[in-house]
Amino acid sequence: MPLESFPVFLLSQLVPLIRRGVGKWWLFALVWLAATDPGRASAVELRVAIKDGVNQLTLGSSTQAVVRDGAYRSLGAIGGMNAYTAQSTGSRIALSRWQAGKIWIEPTEGGYVFIGDRWYRGKTLVVPTPRGLTAVNYVDLEQYLYSVLGGEMNGNWPQEALKAQAVAARSYALYKRERTGNKLFDVGDTPTWQVYDGLRDESVGTQTAVEATKGQVLTYGGQIIEAVFHSSSGGCTENVENVWTQALPYLRSVKDFDQGSPVYQWTKTFSRGELSKRISGVGTILSLQPERVTTCGRVISMKVIGDRGSRTVSGESLRSALGLKSTLFKIIPQTSSAFNKVKSQGSPDIFK
């Protein structure tokens with residue numbers, strides 16, 4: 001297909017989707033916008049949960065901010081650079097002299113919001129839930145990425161590396177927004193989602209990389225992919241079904257060149273007694289024998305042999321029991337006059 005016909009083709013596919021009321025047509029539209037106007041493609045407001053289920057939290061703004069209720073009616077204003085405590089009163093929220101079912105804090109003059117103990121761009125919505133208060137940061141997707149990049153990489157790293165990370169992080173956020181978002185928020189701020197600590201992690205380097213890739217996403221078959229990323233793969237990424245359950249055509253095993261990573265290789269040592277305490281059901285452990293491994297060498301299942309029997313343990317269960325960085329490891333028995341030790345070494349798994 002000629003490149004100049006690409007936007008027209010996408011638009012012709014988009015119109016029938018809208019007319020039929022197909023859900024998530026906005027995602028198809030975003031891919032089309034990315035092809036035609038990257039600036040417009042990035043005009044997405046992301047809802048990020050900063051605090052979830054707390055009894056009270058500190059809120060503020062760097063400039064004067066308008067306070068609104070759930071219907072977005074103005075309740076008043078709070079001064080800049082002042083701290084205010086929001087408290088749950090059952091189904092309502094108390095903030096300063098106001099009480100409402102929901103409370104917005106919207107800075108004026110391009111100010112920043114303060115939530116908990118950090119500064120963020122955008123505005124804040126505080127909602128009462130059965131578990132307490134939930135504070136959600138409404139922020140432009142690209143400005144969100146300024147911080148996310150800094151949480152994952154140093155802003156002084158080469159721009160090409162930062163730009164690649166920006167595209168992956170943008171794709172990952174939009175994928176999660178579509179599939180795991182809820183009525184209150186699209187994503188969280190922890191490593192389970194993507195690390196997001198607001199202004200603290202921004203830098204000129206991260207801002208430059210985000211702006212240089214504005215609106216760019218990774219797609220497969222016309223859909224934004226789950227663009228997971230990793231610190232180190234130990235020299236080989238994994239077919240996704242060997243780590244999770246569903247095979248995906250765009251997450252296939254490839255050779256990696258991450259030998260310079262500080263966690264590329266690691267070692268952890270256990271005494272026989274320590275191993276026997278952590279892996280139960282077989283008595284004193286005599287040996288561990290891999291039963292199934294991936295093509296990269298990650299342990300799928302391990303046979304644990306003890307003086308009271310044997311059992312098969314999954315690689316993930318063994319990783320959890322021993323506190324290992326990944327399932328990519330080898331067992332190296334060591335014998336001494338004092339005690340026997342088992343040394344495991346490998347590299348972190350590839351997926352977030």
Side-chain angles (χ1 to χ4, degrees), residues 23-24 26-27 43-108 110-148 151 172-201:
K24 304 303 180 185
W26 66 268
L27 189 58
V44 173
E45 190 172 52
L46 202 63
R47 303 174 303 163
V48 189
I50 305 299
K51 298 290 182 181
D52 190 17
V54 298
N55 292 327
Q56 64 179 38
L57 73 156
T58 303
L59 300 170
S61 173
S62 63
T63 60
Q64 179 172 299
V66 180
V67 179
R68 303 181 186 275
D69 63 13
Y72 218 62
R73 295 173 300 214
S74 176
L75 298 175
I78 58 175
M81 302 307 294
N82 290 310
Y84 298 84
T85 300
Q87 294 182 312
S88 174
T89 60
S91 61
R92 296 173 70 78
I93 303 165
L95 177 72
S96 186
R97 62 184 182 275
W98 305 291
Q99 285 201 18
K102 297 179 181 178
I103 286 183
W104 287 92
I105 295 180
E106 185 176 15
T108 61
Y112 307 116
V113 290
F114 190 80
I115 308 173
D117 59 357
R118 296 189 181 97
W119 291 100
Y120 298 87
R121 294 176 182 270
K123 57 190 176 183
T124 309
L125 173 65
V126 184
V127 180
T129 69
R131 297 183 296 108
L133 299 178
T134 296
V136 181
N137 179 208
Y138 279 61
V139 60
D140 178 83
L141 171 64
E142 302 301 312
Q143 294 180 346
Y144 160 82
L145 293 173
Y146 293 166
S147 174
V148 166
Y172 186 81
L174 290 171
Y175 180 94
K176 289 296 183 182
R177 181 179 191 256
E178 179 198 6
R179 288 167 173 77
T180 61
N182 54 52
K183 292 182 178 180
L184 287 182
F185 56 86
D186 302 315
V187 296
D189 66 344
T190 66
T192 303
W193 305 85
Q194 293 186 110
V195 176
Y196 174 60
D197 286 337
L199 294 179
R200 186 179 72 175
D201 287 341

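Treat the numbers as computed from the prediction; the structure is a model and nothing was measured.
- Annotation for N55: atom CG does not count as buried by contact number, only 12 or fewer foreign heavy atoms lying within 6.0 Å.
- Atom-to-atom distance recorded for T124:OG1 and E106:CD is 10.0 Å, nearest 0.5 angstrom.
- Heavy-atom minimum distance, A71 versus D69: N-OD1, 3.0 Å.
- Here the closest non-hydrogen pair linking G122 and P107 is O-CD, 3.5 Å.
- Once rounded to the nearest 0.5 Å, the distance linking CG of L75 with CD of Q99 reads 11.0 Å.
- I105 and G60 make their closest contact through CG2-O, 4.4 Å (heavy atoms, listed as atom of the first residue, atom of the second, distance).
- Using modelled atom types, no side-chain atom of D201 and backbone atom of Y196 make a donor-acceptor pair closer than 3.5 Å.
- When atom types are taken as modelled, the side chain of S61 and the backbone of T63 share a donor-acceptor pair closer than 3.5 angstrom.
- For the pair Y172 and W193, the tightest heavy-atom approach, listed with the atom from each and the gap, is CE2-O, 3.0 Å.
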Stepwise side chain to side chain contact (heavy atoms under 4.5 Å, CB included) test for I78 and L59: CA-CA 10 Å; I78 58 175; L59 300 170; over 6 Å; no
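- Contact annotation: the side chain of Q56 never approaches that of S88 to less than 4.5 Å [non-hydrogen atoms, C-beta and beyond].
- Between atom OH of residue Y72 and atom CG of residue L125 there is a gap of 9.5 Å, rounded to the nearest 0.5 Å.
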CA sep, side-chain torsions, deciding dist, call: K123, E45, side chain to side chain contact (heavy atoms under 4.5 Å, CB included): CA-CA 11 Å; K123 57 190 176 183; E45 190 172 52; 3.6 Å; yes
Intermediate values then yes/no, side chain to side chain contact (heavy atoms under 4.5 Å, CB included), V67 and W98: CA-CA 9 Å; V67 179; W98 305 291; 3.7 Å; yes
From CA spacing to verdict: side chain to side chain contact (heavy atoms under 4.5 Å, CB included), L141, L174: CA-CA 9 Å; L141 171 64; L174 290 171; 4.0 Å; yes
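- Counting heavy atoms from C-beta outward, L57 and I115 have side chains that approach closer than 4.5 Å.
- Between K176 and V187, the closest heavy-atom pair is CB-CG1, 3.9 Å.
- In terms of modelled atom types and a separation under 3.5 Å, the side chain of D52 and the main chain of T134 share no donor-acceptor contact.
- Between V139 and V48 the shortest side-chain heavy-atom distance falls below 4.5 Å.
- The structure places CG of L133 at 8.5 Å from OG1 of T89, a figure rounded to the nearest 0.5 Å.
- Between D140 and A43, the closest heavy-atom pair is OD1-CA, 4.4 Å.
- Note that CG of D189 and CZ of R118 are 7.5 Å apart. Values are rounded to the nearest 0.5 Å.
- To the nearest 0.5 Å, the span separating CG on L95 from CD1 on I103 amounts to 4.5 Å.
- Although no hydrogens or angles enter the test, the distance criterion places a donor-acceptor pair under 3.5 Å between the side chain of T108 and the main chain of Q64.
- Counting only distance, with no hydrogens or angles, the side chain of R177 and the backbone of R47 share no donor-acceptor pair below 3.5 Å.
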